[in-house]
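Notes for the one structure printed next.
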Amino acid sequence: MTSAATPVVSVVSPVYCCAGCLRELCARVAATLAPITADYEIVLVDDASPDEAWSILRELSASDPRIKALRLSRNFGQHYAIAAGLASTRGSWVVVMDCDLQDRPEEIAALLAKARSDDYDAVFGKRVTRKDGWGKRFTSRAFYAVLNYLTGAQHDAETANFGVFSRTLVDVINRMPEQSRCFPLMVKWTGMKIGTLAVDHELRAIGQSSYSLRKRIRLAIDIVLSYSDKPLRLVAKLGIGFALLSMLIACLGVYRYTVGDVQVAGYTSIIASMWLLAGIILFCLGVIGLYVGRTFENVKGRPQYIVRESLNVDQPS
């Protein structure tokens, strides 16, 4: 059973290791949207969560047809779960938020009001005081600093996925075919009118973040390779720089030969130079190989995610 009316607002939230938050999440979202409209939908995407999330989603969707659920065949990752949710939404406005209640559902009303009043296509929630640990805050700022340098764009470490987005913008993102997904970067790439609004950020209600340092590094590399070709240009510049340096060294050698100041090169300097150049060559080949691998993944044309089961969804992704 599904809601016949076209929703005014759709709320999308990926679910992973947060089964204990789901009932409160839905209750708080419903309470926030009730004064705005009765025509809304909540799309919860179970990204193969290892806890009892799916059984709770069954219970919630049975109690309210406006609560819709998707279950992915395996753990594809947060941004792919968001993509699955976006593809199943019908609302004129779409809210994307985490399910761990660090993104406060009560902020949705203010975000939606700003988007409507100022004619924005997207309004991101800017976390004025982040309640994450210092390690996560540090790695987040470091990542965005590197990303800003590599892409030439300005991305704010205080904004993440939480925000309100127009139907037009969501439809554009749904048509993007690339395998690598990073929702906020895709939103900013569109060039549509985007704003921010200061929001409160809460402590995680249950458990700990599933983003280990290893996963963060892997995600960072994936995003950089997918959204910037600057590493390739830096490799080319590095090659040109070493070519010029070698020419200068060769000219210096010829000059010393002409003035009779030739000495036998030391073993240490030769070995050091060989190791340095070999390391740089391998590094450059590695960067190029990563881009080739990324191209290979996109050429395969595999689906970005697989929906195993859906509840209350008119047209499953």
Side-chain angles (χ1 to χ4, degrees), residues 9-33 41-51 53-54 56-57 60 67-70 72 75-86 88-89 93-112 122-133 135-137 139-140 143-144 156-165 170 173 181-187 196-212 215-216 219 223 305:
V9 180
S10 298
V11 179
V12 173
S13 183
V15 176
Y16 190 79
C17 291
C18 282
C21 300
L22 297 178
R23 293 186 180 88
E24 182 180 354
L25 172 68
C26 291
R28 290 172 63 179
V29 168
T32 299
L33 294 179
E41 62 181 359
I42 303 174
V43 182
L44 301 171
V45 184
D46 179 4
D47 193 20
S49 183
D51 54 18
W54 185 246
I56 295 176
L57 292 179
L60 291 170
I67 299 177
K68 308 174 188 297
L70 299 172
L72 302 188
N75 180 240
F76 284 87
Q78 180 185 34
H79 294 282
Y80 298 90
I82 290 174
L86 293 178
S88 299
T89 60
W93 293 95
V94 178
V95 177
V96 176
M97 63 185 301
D98 293 340
C99 71
D100 57 11
L101 297 177
Q102 285 196 277
D103 298 331
R104 299 181 68 250
E106 292 76 16
E107 302 287 357
I108 293 175
L111 291 168
L112 184 60
V123 176
F124 282 101
K126 185 171 183 177
R127 301 166 292 184
V128 179
T129 305
R130 291 186 61 175
K131 299 296 178 65
D132 296 314
K136 188 173 182 179
R137 295 197 303 270
T139 54
S140 177
F143 164 70
Y144 278 104
D156 190 355
E158 305 307 320
T159 61
N161 300 314
F162 187 34
V164 172
F165 311 93
V170 170
I173 291 178
R181 317 291 292 187
C182 181
F183 177 69
L185 297 187
M186 296 172 80
V187 170
T196 60
L197 180 68
V199 297
D200 289 332
H201 191 237
E202 298 291 343
L203 292 170
R204 186 181 176 92
I206 294 177
Q208 296 179 346
S209 173
S210 61
Y211 273 112
S212 63
K215 287 184 177 180
R216 292 175 197 168
L219 178 63
I223 291 173
Y305 52 84

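This is a predicted model, so every value here is computed, not measured. The figures that follow rest on heavy atoms only: side chains count, while hydrogens, waters and symmetry mates do not.
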Taking all non-hydrogen atoms of both residues into account, name the closest pair between [X] and [Y] and its distance.
X: D51; Y: C18; value: OD2-N, 3.3 Å
X: E202; Y: L101; value: CB-O, 3.6 Å
X: A48; Y: N75; value: CB-N, 3.4 Å
X: C26; Y: L44; value: SG-CD1, 3.8 Å
X: F76; Y: Y305; value: CE2-CA, 3.6 Å
X: A84; Y: V45; value: CB-CG1, 4.3 Å

Using modelled atom types and a 3.5 Å cut-off, is there a donor and acceptor pairing between side-chain atoms of [X] and backbone atoms of [Y]?
X: D103; Y: D98; answer: yes
X: S49; Y: V15; answer: no
X: D100; Y: Q102; answer: yes
X: S10; Y: E41; answer: no

As a quick check of understanding, evaluate side-chain contact (heavy atoms from CB on, under 4.5 Å) for F183 and L86, giving each step before the final call. CA-CA 10 Å; F183 177 69; L86 293 178; 3.6 Å; yes
About how many Å separate [atom2] of [Y] and [atom1] of [X], when rounded to the nearest 0.5 Å?
X: N161; Y: C182; atom1: CG; atom2: SG; result: 7.5 Å
X: L57; Y: I42; atom1: CG; atom2: CD1; result: 11.0 Å
X: L72; Y: D46; atom1: CG; atom2: CG; result: 7.0 Å

Do [X] and [Y] have side chains that approach each other closer than 4.5 Å (heavy atoms only, starting at C-beta)?
X: P105; Y: L25; value: yes
X: D200; Y: E106; value: no
X: M97; Y: V11; value: yes
X: C17; Y: P50; value: yes
X: R23; Y: L60; value: yes

Set out, in order, the CA-CA distance, both residues' side-chain angles and the distance that settles side-chain contact (heavy atoms from CB on, under 4.5 Å) for I173 and R181, then state yes or no. CA-CA 10 Å; I173 291 178; R181 317 291 292 187; 4.0 Å; yes
Taking it one step at a time, do V12 and T89 satisfy side-chain contact (heavy atoms from CB on, under 4.5 Å)? CA-CA 8 Å; V12 173; T89 60; 3.3 Å; yes
Just to verify, what does Y80 make a ring pair (Phe, Tyr, Trp, His ring centres under 6.0 Å) with, not counting sequence neighbours?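 For Y80 there are no ring pair (Phe, Tyr, Trp, His ring centres under 6.0 Å) partners, ignoring immediate neighbours.
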side-chain contact (heavy atoms from CB on, under 4.5 Å) between V95 and F162: does it pass, once the steps are laid out? CA-CA 7 Å; V95 177; F162 187 34; 4.3 Å; yes
